[in-house]
Amino acid sequence: MIRITLPDGSQKEFDHPATVSEIAAAIGRRLAKEALVGRVDGRLVDLSHVVPQDARVEILTGDAPEGVEILRHSTSHLMAQAVKQLFPEAQVTIGPAVENGFYYDFAYKRPFTLEDLTAIEGRMKELVRQDLPVARNEMPRDEAVAFFRSQGEEYKARLIEEIPADQTISLYRQGDFIDLCRGPHVPSTGKLGAFKLQRVAGAYWRGDSRNEQLQRIYGTAWPNQKALDAYLHFLEEAEKRDHRRLGKELDLFSLQDEAGGGLVFWHPMGSRIRGVIESFWKERHTAAGYEMLHTPHMANLELWRTSGHTEFYAESMFRPLTVDEQQYQIRPMNCPFHILIYKDRLRSYRELPIRWAELGTVYRYEMSGVLHGLFRVRGFTQDDAHIFCREDQIEQEIQAILDLTMEILSTYGFKHFDVYLSTRPDKAVGSDAIWERATTALRNAISARGLAFVEDVGGGAFYGPKIDVKITDAIGRKWQCSTIQLDFNLPERFDITYVGDDGERRRPIMIHRALMGSLERFFGILVEHFEGRFPLWLAPVQAAVLTITDAQNDWALAVRDQLRAVGLRVDADTRNEKIGWKIREHTLKKVPYLLIVGDKEKQNGTVSLRARSGQDLGVISAAEAVERLLTESRARRASDQPTP
RNA sequence: GCUGGCGUAGCUCAAUCGGUAGAGCAGCUGAUUUGUAAUCAGCCGGUUGAGGGUUCGACUCCCUCCGCUAGCUCCA
């Protein structure tokens, strides 16, 4: 008798070793139909897997994340089968599930075209209709190598050769197609369906650019058509928000071919927003006990030798230039400069923690192919800060940084934070003891703020553990902006010290931290997050006063000046255009408030207030308008909805 | 850097088989004085990314280069 325990705690008994399918059938017909894979004592297995003894069994469908992942993986195999049928000379390599979909890399004599993709997709649908069973077989490693080599699948053979000789290899067969795969897979091709091939791209064998290039086909796959449609719709939404498009439409910034790739030009409207972001940042940092620094954009290469950048960061740095026989390096980071200020005189333990912040512009060499709008550039400004403190101050400093991070980011409307803690990698500087104590301090600080976190064991930099924070934007995309890194290395390299209460020289701990990361990138994220509809406090033009005819020009200018007098960014539109046209133009520019003035308003000293949403907020006095906009702007409300 | 895709007016796009490069918007000029998302007319605007080749003739076909763009870690 075999006893199967289900996730709800209930049990089923079988008088023989049952397959996962049989167990699913015993639970319910619908489940048996929708089942994709099973989990037996925590291990994912095929439905055909025989459960030989008492076990905990879970049946997974397309509703479970693991089920979807299997679905995607199986779809990549389906694609490989279709490709092999249409292009028998193509060799298969690897084809995993990835976020939202899958890919498969092929070695083929020529790149696949979009027409090929259509044909492949058509063949995949046909294979789904045939509902071919997907069967698992096992074979000794050497036999598998010989088998794939005989099939002309050199890459597969090479992959298997890397597997230990004594290990048994699993193969999956569906119709005429056999692939090496760990599995598990869906039981038959008929279980697949909602997929779409998206693009073809080059990818290197083993991800190494020294190796030969393969043809990678990307696709997306979902449990049902509805989910696929929703995802395709999401992609369209994301495209509408593209900061490169909105940046042009709203005249915020540009990248200039003549200047070179990855160098950002902030136009007046973008600069206004950046100015607001910077003042807010400075205000909160000053309140949190930071001092502001300004340091040079380049320095003698010797400094970068001391810091170790020439050794460990060389490939991201621009080549040095020669000045008066000396080599100068344009900076890829700000930290060495802050250290020089620290070193400029003797420091006492009484001064610690020292918190120094700088909106520091840095230049890093990025390969031309990776440049992307504001998200990946070669020159950008970090909201950088360095904290020099004693070891016993780490925990409270990290807590304070987390507080500041949450405060600043939530003001932009980011409410959900994913926190990651990365610990000691194999190669690291500093004693195990200091790593242990520092990592514990980070862990404590995160917990003290009631935050959940994921621990990335061994994911820290060689010089210290770190905390990364990801934010989630308005359409659910995650972005890592904030990073808090402990550094046991630079204080050592620069031999910085402070005098302790016992008169002895001691080594401070250094914390690097950036909340927004790169202002350029953060700004790009904001553009996409708000879809260009910046909340009042950020909007480059917060309000526009529109006249009906030129008879109201004097009143419009007076209203504009009243609003400007309290610091609001306001324009008057006195052009000889119809009001409908003016409203359209300013609405397309996403101006939060329009103040319309005709003869009635002029006579009564009022304005007619219209929100960006189109909502009519009624006629109010100019003084009320000033009060209302000023209050909302000062509140830094992140919503783009007007005050009710 | 590598592989694919794309480069036509400031922007978005058209141009049949290789046969005189076109439209809307923007800009400029003028008319219109207008009440909550498009008033009308005229004008200006191009070495079709650059260079070379094939051809009687090239936006179109071929070659080289430049730029943009998608991708180039993720359990075989």
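Bear in mind the structure is a predicted one, so any value in this text is a computation, not a measurement. Proteins get letters first, then strands, A, B, ... in listed order; numbering begins at 1 in each.
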Who pairs with [N] - Watson-Crick or G-U, where each distance is under 3.5 Å:
N     : value
B:A31 : B:U39
B:U73 : none
B:C59 : none
B:G45 : none
B:C68 : B:G5
B:G10 : B:C25

Pair [X] + [Y], salt bridge at N-O below 4.0 Å:
X        : Y        : result
A:Lys240 : A:Glu237 : yes
A:Lys156 : A:Asp179 : yes
A:Arg39  : A:Glu66  : yes
A:Arg376 : A:Glu366 : yes
A:Arg575 : A:Asp550 : no

Within this structure, what is the [atom1]-to-[atom2] distance between [X] and [N], rounded to whole angstrom?
X        : N     : atom1 : atom2 : answer
A:Arg216 : B:C2  : CZ    : P     : 19 Å
A:Ile169 : B:C75 : CD1   : P     : 16 Å
A:Arg43  : B:C75 : CZ    : C1'   : 14 Å
A:Leu235 : B:G71 : CG    : P     : 11 Å
A:Tyr108 : B:G4  : OH    : P     : 15 Å
A:Leu371 : B:C72 : CG    : C1'   : 15 Å
A:Asp105 : B:C74 : CG    : C1'   : 12 Å
A:Leu246 : B:C11 : CG    : P     : 17 Å

Please report the distance separating the [atom1] of [N] from the corresponding atom of [M], rounded so that it comes out in whole Å.
N     : M     : atom1 : result
B:U16 : B:A31 : C1'   : 41 Å
B:G67 : B:C28 : P     : 34 Å
B:C63 : B:C68 : P     : 23 Å
B:G57 : B:C25 : C1'   : 34 Å
B:C11 : B:G45 : C1'   : 13 Å
B:C59 : B:U48 : P     : 7 Å
B:G10 : B:U73 : P     : 38 Å
B:A50 : B:G7  : C1'   : 12 Å

State which of [options] makes the closest approach to the side chain of [X].
X        : options             : value
A:Val370 : B:A76, B:U69, B:C72 : B:C72
A:Gln215 : B:C74, B:U3, B:A76  : B:U3
A:Ser368 : B:C75, B:C72, B:G1  : B:G1

Is it true that A:Phe253 and A:His267 have ring centroids separated by less than 6.0 Å?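 Judged by ring-centre distance (under 6.0 Å), A:Phe253 and A:His267 do not meet the cut-off.
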Validation row, ring centre A:Tyr363 to ring centre A:Phe318 under 6.0 Å: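 No.
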Contact class for [X] (heavy atom, under 4.0 Å): base, sugar-phosphate, or nothing?
X        : answer
A:Arg244 : sugar-phosphate
A:Gln552 : nothing
A:His372 : sugar-phosphate
A:Lys156 : sugar-phosphate
A:Asp179 : nothing

Determine whether A:Arg272 and A:Val541 make a side-chain contact, defined as any pair of heavy atoms from C-beta on separated by less than 4.5 Å.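 Yes, close enough: below the 4.5 Å cut-off.
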Should the side chain of A:Arg182 and the base of B:C75 be counted as holding a donor-acceptor pair, with the cut-off at 3.5 Å?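 Answer yes: a donor N or O sits under 3.5 Å from an acceptor.
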For A:Tyr103 and B:C74, is the shortest distance between a side-chain N/O and OP1 or OP2 below 4.0 Å?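 True: A:Tyr103 side-chain N/O within range (under 4.0 Å) of B:C74 OP1/OP2.
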So, does A:Tyr172 get its side chain near the phosphate of B:A76, meaning an N or O under 4.0 Å from OP1 or OP2?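 No, A:Tyr172 has no side-chain N/O under 4.0 Å of OP1/OP2 on B:A76.
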Between A:Tyr155 and A:Arg158, is there a cation-pi geometry (under 6.0 Å to ring centre, at most 45° from the normal)?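 Yes, A:Arg158 lies over the aromatic ring of A:Tyr155.
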Cation-pi check for A:Trp555 against A:Arg560: NZ or CZ below 6.0 Å from the six-membered ring centre and within 45 degrees of the axis, yes or no?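 No cation-pi geometry.
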Check: protein-nucleotides 36-40 of chain B nitrogen or oxygen pairs below 3.5 Å:
from	atom 1	to	atom 2	distance (Å)
B:U36	O3'	A:Arg610	NH1	3.4
B:U36	O2'	A:Arg610	NH1	3.0
B:U36	O4	A:Ser608	OG	2.4
B:A37	N7	A:Arg610	NH2	3.4
B:A38	N7	A:Arg584	NH1	3.3
B:A38	N6	A:Arg584	NH2	2.8
B:A38	N1	A:Arg584	NH2	3.1

Between A:Gly373 and A:Met367, which is nearer to the 5' end of RNA chain B once each is assigned its nearest nucleotide?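 Result of the comparison: A:Met367.
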Let me know, please, whether A:Leu214 or A:Tyr218 comes out on the 5' side of the other along RNA chain B by nearest nucleotide.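 Final value for this comparison: A:Leu214.
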